[in-house]
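The block underneath contains the structure these notes are about, expressed in structure tokens.
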Amino acid sequence: MRRWKLRRLKEDGRDPYHEVRYDRTHTIAEVLKDFDGLLGKQVRVAGRVMARREHGKACFLDLADQDGRVQVYANVDTLGEEQFKHLKSADLGDILGVEGEVFRTRTGQESVKASACTLLTKSLEPLPEKWHGLSDIELRYRRRYLDLIVRPEVRERFKLRSEIVSQMRRFLEDERGFTEFETPVLEPVCGGATAEPFITRWEALDDDFYLRIAIELRLKRLIVGGYEKVYEIGRIFRNEGVDTQHNPEFTMLELYWAYVDYSDIMQLTEDLIVHICDSCMGTREIEAGDRRLSFEPPFSRVQFEDLMREHAGVSVQDLPDRKSAAAHAKKLDVDFKKDASYEKIIDRIWTAKVEPHLTQPTFVLDYPVAVSPLAKRIPDRPHLAYRFELFANSVELANAFSELNDPLEQRARMEEQIARATEGYRELDEDFLRALEYGMPPTGGLGVGIERLLMALLGEPSIREVMLFPQLRKQ
RNA sequence: GGGCCAGUAGCUCAAUUGGCAGAGCGUUUGACUCUUAAUCAAAAUGUUGGGGGUUCGAUUCCUCCCUGGCCCA
């Protein structure tokens, strides 16, 4: 039907896809904001037709643009027979330019009385139901554009995401003097985290490459190269399943700061998050489901070991190998995969027993060296490393170390990791080790999962609600 | 990978024990010059996610598969 209308329009020489511009005098939000000042004045606005109420020789339309929605009133007298007929044949979803006088209806509704209208784009597909909207979750993700058309709050949420990321950059660059660098996504060796990589073929070289699983080892090379405050907000790929917490591609902030330790990084992390709360959220108190998170500094600081002892009844020092870790996990009734590595089992115990208690923003300090292959050892507690993670809403938001810069120890730790590895394509990144051999100054580093942070700040329980186009199977 | 749940018109949802597949929105036609989930009258709309099976008869029962959600690994 709509295609038939389109054909008629084209035959009439009014092809809606020929329009190349429409000069608006105001956005709809601007009209509404200064409504009284504009009363009686002529404006030109444009947007999508979201509703229509016909009354014979008069007609009401709701017109929506990016930030606002306004009622358009039209009748034969002011619009003329011909144009009125065109306006009435507009479908929901069509994009219209309207010129007219700003006025209030008898019921006081802010409106624009159309004196001219132009069909700027024809919509060939019907919009979702006007009252219930689009509730099929799969459709919302597969056709996010529809979700955005129909639900202004979703549009708001993703705009807020962009603002938060933008404020991160502003804070790091303008207030703290960091510089963003871009490093390769396509890597010959993958490292910097424990995860299954995506493998891709570089035809010209007839060789396999990896999509990066972390940015760490590249940015540290920049510290070796002499930069002192570097960061990158970039896409990471991990070849794993999809659930409410995971998407195979996601965004990470990583930063490295020379000549400081992890306590400076902790302060920076706290400042960064408070800055985001103040600049984007307008509050430091966040509603997340039925929980209330307070990002009022200082966030509490707790020893990893104390939490493990308190909630899992064990010190990692007493679990020196895979066998003892597995035995303790079984005792606690914590499940793990048969082939799980030592680190994975410790992580499982932590996730199951400790994480649920970490609701309010909490820095967890001093992790076992055994699960922190890139962090510097604490000399007087040699089984622990200078590492912290930030938790909130029972989710890990950030991970940071005083970076290991001893090339010999780094090599030994990486070799140990590979020996214990049960997953991932891990091989030594010889060039990274060589870089350390040239000498990396004492450095503090930080990684923040952007989606995790957004979930906590926006109170969204699913990662898919903070990603515009979450991965789904091909159709 | 395992468990549970869901898939019916473009969208949101019904359909008694297994007995003619329906409503609202949207669409089309007509009426209506201040409505706002406009109203009134009429009409069109389906491979009930897909394949197989049981049955006189399947949206409904069985089975396999596909897609998605939630929980667990």
Side-chain angles (χ1 to χ4, degrees), chain A residues 1-6 8 32 48-64 69-81 83-85 87-94 100-101 103-114 122-147 149-151 196 239-247 289 326 329-330 332-341 344-345 347-349 351-352 355-356 394 422-423 460-465 470-475:
Chain A
M1 190 62 214
R2 292 184 177 208
R3 279 162 217 277
W4 178 80
K5 277 189 188 170
L6 175 63
R8 286 288 303 276
L32 295 175
R48 193 183 290 274
V49 177
M50 300 302 289
R52 190 182 59 222
R53 298 173 290 281
E54 285 183 52
H55 283 264
K57 294 191 171 58
C59 183
F60 297 92
L61 300 177
D62 287 352
L63 205 64
R69 180 162 165 159
V70 73
Q71 173 170 277
V72 171
Y73 172 71
N75 64 37
V76 185
D77 301 337
T78 41
L79 200 51
E81 196 99 21
Q83 287 236 343
F84 183 72
K85 202 180 78 194
L87 180 127
K88 259 179 65 161
S89 68
D91 288 306
L92 298 190
D94 285 359
E101 180 193 330
F103 84 117
R104 259 185 237 280
T105 62
R106 275 173 219 158
T107 55
Q109 175 73 47
E110 294 92 344
S111 306
V112 174
K113 185 184 274 180
K122 187 75 194 157
S123 170
L124 297 180
E125 298 289 337
L127 290 180
E129 210 252 3
K130 66 178 172 187
W131 193 240
H132 301 93
L134 190 63
S135 68
D136 183 292
I137 291 178
E138 186 177 356
L139 264 186
R140 286 188 49 229
Y141 298 155
R142 287 198 194 273
R143 302 189 198 166
R144 182 66 94 178
Y145 44 88
L146 260 192
D147 195 28
I149 288 172
V150 177
R151 299 175 34 163
E196 202 74 29
N239 201 341
E240 289 160 1
V242 168
D243 60 34
T244 44
Q245 307 265 332
H246 298 89
N247 192 71
K330 283 209 179 93
L332 291 172
D333 218 13
V334 171
D335 288 335
F336 54 90
K337 278 190 194 148
K338 272 203 214 70
D339 63 347
S341 62
K344 200 78 193 169
I345 294 173
D347 180 63
R348 285 289 308 138
I349 294 174
T351 304
E355 263 185 26
S394 300
T422 55
E423 62 176 355
E460 289 293 343
S462 168
I463 194 171
R464 296 178 202 108
E465 295 298 342
Q471 294 293 346
L472 299 172
R473 278 176 206 275
K474 285 186 190 174
Q475 266 190 325

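Here is how names work: the chains are called A, B, and so on, in the same order as the sequence lines, proteins then strands, and each is numbered from 1.
Comparing the same atom, P, in B:rG26 and in B:rC40 gives a spacing of 12 Å after rounding to whole Å. Remark: the separation of the P atoms in B:rU59 and B:rG22 is 13 Å, to the nearest Å. A distance of about 7 Å separates the C1' atoms of B:rG18 and B:rA58, rounded to the whole Å. Nucleotides B:rU35 and B:rA15 place their C1' atoms 35 Å apart, quoted to the nearest Å. When the C1' atom is used for both B:rU60 and B:rA14, the distance is 14 Å, rounded to whole Å. On the C1' atoms, B:rU45 is 6 Å away from B:rA9, given to the nearest whole Å. Here, B:rU33 and B:rA43 have their P atoms 25 Å apart, quoted to the whole Å. B:rU27 and B:rC11: their C1' atoms are spaced 12 Å apart (whole Å).
When each of A:G108 and A:A58 is assigned the nucleotide of RNA chain B bearing its nearest heavy atom, the one mapping closer to the 5' terminus is A:A58. With RNA chain B read from its 5' end, the first of the two nearest nucleotides for A:G133 and A:D91 is the one closest to A:G133.
Between the C1' atom of B:rG7 and the CZ atom of A:R142 lies a distance of 13 Å, rounded to the nearest Å. Atom-to-atom, CD of A:E54 to P of B:rU33 comes out at 12 Å; the value is rounded to the nearest Å. Whole-Å rounding puts the A:F84 CZ to B:rC32 P distance at 11 Å. Look at CZ on A:R2: it is 13 Å from P on B:rC11, rounded to the nearest Å. Taking atom NE2 on A:H246 and atom C1' on B:rC71, their separation rounds to 15 Å, with Å as the unit. One interatomic measurement links the two molecules: CG of A:L139 to P of B:rG69, which rounds to 12 Å at whole-angstrom precision. In this structure, the CG atom of A:D62 is 11 Å from the P atom of B:rU36, given to the nearest Å. Counting to the nearest Å, the P atom of B:rC11 and the NE2 atom of A:H132 are 15 Å from each other.
For the 3.5 Å distance criterion, the side chains of A:Y141 and A:E465 qualify, holding a donor opposite an acceptor.
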Open item on the list: Could you spell out the base pairing of RNA chain B as a dot-bracket line? Use Watson-Crick and G-U wobble contacts where both distances are under 3.5 Å, [ ] for crossing pairs, | for partners on a different strand.
Closed with: (((((((..((((.....[..)))).(((((.......))))).....(((((..]....)))))))))))).
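The backbone N or O of A:R464 sits nowhere less than 3.5 Å from a side-chain atom of A:N247 that would complete a donor-acceptor pair. Using modelled atom types, one side-chain atom of A:E129 and one backbone atom of A:W131 make a donor-acceptor pair closer than 3.5 Å.
Residue A:S111 holds its OG atom at 11.5 Å from CG of A:L63, rounded to the nearest 0.5 Å. Separating the CZ atom in A:F103 from the NZ atom in A:K113 is a distance of 5.0 Å, to the nearest 0.5 Å.
Remark: the A:Q71 side chain and the B:rU35 base include a donor-acceptor N/O pair separated by less than 3.5 Å. A donor N or O paired with an acceptor N or O is found under 3.5 Å between the base of B:rU33 and the side-chain atoms of A:D77. At a cut-off of 3.5 angstrom, the base of B:rU67 holds no donor-acceptor pair with the side chain of A:E138. Donor-acceptor pairing under 3.5 Å, judged by distance alone, is absent between the side chain of A:Y73 and the base of B:rU35.
Residues A:R53 and A:D62 are paired through a salt bridge, judged by an N-O separation under 4.0 Å between the basic side chain and the carboxylate. A salt bridge between A:R3 and A:E125 is present, with a side-chain N of the basic residue lying under 4.0 Å from a carboxylate O of the acidic one.
The 12-atom threshold is exceeded at NZ of A:K88, counting heavy atoms of other residues, nucleotides or ligands nearer than 6.0 Å.
Side-chain proximity of A:H55 to the nucleotides B:rU35, B:rC13, B:rA37 is greatest for B:rU35. Counting only heavy atoms from C-beta on, A:T105 has its side chain closest to B:rU35 among B:rC32, B:rA73, B:rU35.
In terms of heavy-atom proximity, A:D147 sits nearest to A:R144 at OD2-NH1, 2.8 Å.
Side-chain nitrogen and oxygen atoms of A:R151 include none within less than 4.0 Å of the OP1 or OP2 phosphate oxygen of B:rC11.
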